[in-house]
Protein chains: 2
Amino acid sequence: MVATDAEPEQSTRDRILDIAMDLFIEQGFDKTSLREIADQLGFSKAAIYYHFQSKDEILLALHMRLHEFGRRAMERFGEAPATLEAWAMLLDGVIDEIFENRRLILMHQRNAAAFRLHHADEHDEANQDMEEQFRRVFSDPAVPLRDRVRMVAAVGTIMGGLVLSGDLLKDVPSEELADLIRDAIGDLLVSRPATRRSPRRRSR
Amino acid sequence: MVATDAEPEQSTRDRILDIAMDLFIEQGFDKTSLREIADQLGFSKAAIYYHFQSKDEILLALHMRLHEFGRRAMERFGEAPATLEAWAMLLDGVIDEIFENRRLILMHQRNAAAFRLHHADEHDEANQDMEEQFRRVFSDPAVPLRDRVRMVAAVGTIMGGLVLSGDLLKDVPSEELADLIRDAIGDLLVSRPATRRSPRRRSR
DNA sequence: GTCTATATTTCGATAGAC
DNA sequence: GTCTATCGAAATATAGAC
């Protein structure tokens, strides 16, 4: 986010993707027409078709960006771990990169429906990306249910923080926010000391 | 969720809304045509227009369902509280109802972009619903940033749990899941005892 | 690589019969 | 309340010139 705007040469293809990402975040994929994208680029709608075969291919390219990000972030860990300690370590390691790619992830989350339809076509080798690995651990019966809930809670905490930083806390520096989130995740994943709080009430 | 299927008489209007909700969850609002909705109902597209003036009105009616749910859930608390303790109590009180309205909330979250466009037209009295109250607390500078992050984390924990229960853990009873989530939220919002963990590493 | 048409399709919405 | 038939708008995509 320290974007020096002296990017040496940004390809037209990348400019299209950047603008599309912004519009997809704000309006959603379906409500964003190619005309809008073209207008912001300063040229006509038909020109986009020189760089992409279809509107869907733009979405796919953005998905590849996330996939690539996930691949980089996960390559240090062979598999998504099944213990709370290792999970804490994993998230702690990737949270900075997650914040750096905030808008990409936000876009992906806000257009989950649109992406879902495309996943049907390409679940061939997509099972080595981050999301799929997470899914596998979350649904693994060998992992205690309590632990899985904690892992999901930690991910939900990060996602909540991302949304917060995007919509309401645009002025708060990412590092400060990331540290607070790290702290919260610690409370979720690191077992409490012997001291027990009052036993939880059973609902109903 | 103990739905005895002896619903006395479900109005056609409600049947439309139920089917629309399902389709909006799976495909998204924009990718769901009125024809699809009509097909599942067993009659033609034009018939829908007897019950709703437009497709948008269907979305609006679903939004009203959520709004009504939020109103019921929040009426015990005047305002969304700004302290962690009160926040914990609030969430603890509404989490069961949240799980009972799981699909409605999921639908709302997955089509946030579509709903956003309609909020522009009707933010007249919409500031007394749950979402708006939450937003206000999250962006209130008077509340310590750490606390706001914790509150968001707690909400993110619930949302994560909802997605989990919908996609991966359809067999796990809601009550069990809700209790585990309650527990996790407790760890997020209730201050730890004097024991301190190792000081957090400062990233970068 | 980008342009100006234009083709094609999909879908929301309406008209009017039953 | 539901039907068939059709309109009109919008948006994706293509053709072909420059």
Side-chain angles (χ1 to χ4, degrees), chain A residues 7-64 107 110-111 113-118 120-122, chain B residues 7-64 107 110-111 113-118 120-122:
Chain A
E7 288 117 297
E9 278 300 308
Q10 195 187 23
S11 69
T12 304
R13 186 186 160 92
D14 281 339
R15 286 179 57 222
I16 294 175
L17 289 178
D18 286 344
I19 289 176
M21 185 173 70
D22 288 345
L23 289 172
F24 291 171
I25 288 176
E26 280 146 36
Q27 307 179 333
F29 173 74
D30 300 281
K31 285 285 197 312
T32 300
S33 67
L34 292 178
R35 203 184 89 83
E36 284 177 285
I37 298 176
D39 280 355
Q40 290 211 15
L41 277 163
F43 51 62
S44 97
K45 182 182 63 171
I48 294 182
Y49 280 92
Y50 177 82
H51 300 276
F52 295 93
Q53 285 192 347
S54 69
K55 187 187 179 185
D56 280 358
E57 206 191 270
I58 296 180
L59 195 68
L60 191 70
L62 286 171
H63 179 67
M64 284 302 117
M107 191 275 296
R110 291 202 180 165
N111 294 283
F115 282 108
R116 169 186 304 256
L117 297 177
H118 289 280
D121 308 340
E122 41 130 348
Chain B
E7 288 119 296
E9 278 299 310
Q10 195 189 23
S11 69
T12 304
R13 187 186 160 91
D14 281 339
R15 287 179 57 221
I16 294 174
L17 289 179
D18 287 344
I19 289 176
M21 185 173 70
D22 288 345
L23 289 171
F24 292 171
I25 288 176
E26 280 147 36
Q27 306 179 332
F29 173 74
D30 300 280
K31 284 286 198 309
T32 300
S33 67
L34 292 177
R35 203 184 89 83
E36 285 177 285
I37 298 175
D39 281 354
Q40 291 211 13
L41 277 163
F43 52 61
S44 95
K45 180 180 67 171
I48 294 181
Y49 281 91
Y50 177 82
H51 301 275
F52 294 93
Q53 287 191 348
S54 68
K55 187 185 180 187
D56 280 359
E57 208 192 88
I58 296 179
L59 195 68
L60 192 69
L62 286 172
H63 179 66
M64 283 304 118
M107 190 274 297
R110 291 204 181 164
N111 293 282
F115 281 107
R116 171 187 302 254
L117 298 176
H118 291 278
D121 308 339
E122 41 129 350

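Protein chains get the first letters and strands the later ones, always in sequence-line order, with residue 1 at the start of each.
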Trainee: Heavy atoms of chain A, cut-off under 4.0 Å: which first and last nucleotide of DNA chain C, 5' to 3', fall inside that, if you could look?
Mentor: C/dG1 to C/dT4
Trainee: Using the C1' atoms of five pairs at each end, what's the angle between the two axes of the helix from C/dG1-D/dC18 to C/dC18-D/dG1, to 10 degrees?
Mentor: 0°
Trainee: Give, ordered by number, those residues of residues 50-58 of chain B having at least one heavy-atom distance below 4.0 Å to an atom of DNA chain D; if nothing qualifies, reply none.
Mentor: B/Tyr50, B/His51
Trainee: Answer whether the closest heavy-atom distance between the side chains of B/Leu23 and B/Gln40 falls below 4.5 Å.
Mentor: yes
Trainee: To the nearest 0.5 angstrom, please state how far the CD atom of B/Glu26 sits from the CZ atom of A/Arg116.
Mentor: 7.5 Å
Trainee: Which pairs, protein N/O on one side and nucleotides 5-7 of chain D N/O on the other, fall under 3.5 Å?
Mentor:
none

Trainee: Quick one: list whatever passes side-chain contact (heavy atoms from CB on, under 4.5 Å) with A/Asp14, sequence neighbours left out.
Mentor: A/Gln10, A/Ser11, A/Leu17, A/Arg65
Trainee: I need the minimum non-hydrogen distance between A/Ala38 and A/Ser44, along with the two atoms involved.
Mentor: CB-C, 3.5 Å
Trainee: Pair up each side-chain donor or acceptor in residues 48-62 of chain A with any protein partner under 3.5 Å, not counting sequence neighbours, and list the distances.
Mentor:
{"from": "A/Ser54", "atom 1": "OG", "to": "A/Asp56", "atom 2": "N", "distance (Å)": "3.4"}
{"from": "A/Ser54", "atom 1": "OG", "to": "A/Glu57", "atom 2": "N", "distance (Å)": "3.2"}
{"from": "A/Lys55", "atom 1": "NZ", "to": "A/Phe29", "atom 2": "O", "distance (Å)": "2.9"}
{"from": "A/Lys55", "atom 1": "NZ", "to": "A/Thr32", "atom 2": "O", "distance (Å)": "2.8"}

Trainee: What residues from residues 13-38 of chain B pass a heavy-atom cutoff of under 4.0 Å to DNA chain D?
Mentor: none
Trainee: To the nearest 0.5 Å, tell me how far A/Arg15 CZ sits from A/Leu41 CG.
Mentor: 5.0 Å
Trainee: On a heavy-atom basis, which atom in B/Ala20 and which in B/Ile37 lie closest, and how many Å separate them?
Mentor: CB-CD1, 4.0 Å
Trainee: Among residues at least two apart in sequence or on other chains, which ones pass salt bridge (charged side-chain N to carboxylate O under 4.0 Å, His left out) with A/Arg35?
Mentor: A/Asp39
Trainee: Going by the rule side chain to side chain donor-acceptor pair (under 3.5 Å), which residues pair with B/Glu36 if we only count those two or more places apart in sequence or in a different chain?
Mentor: B/Gln27
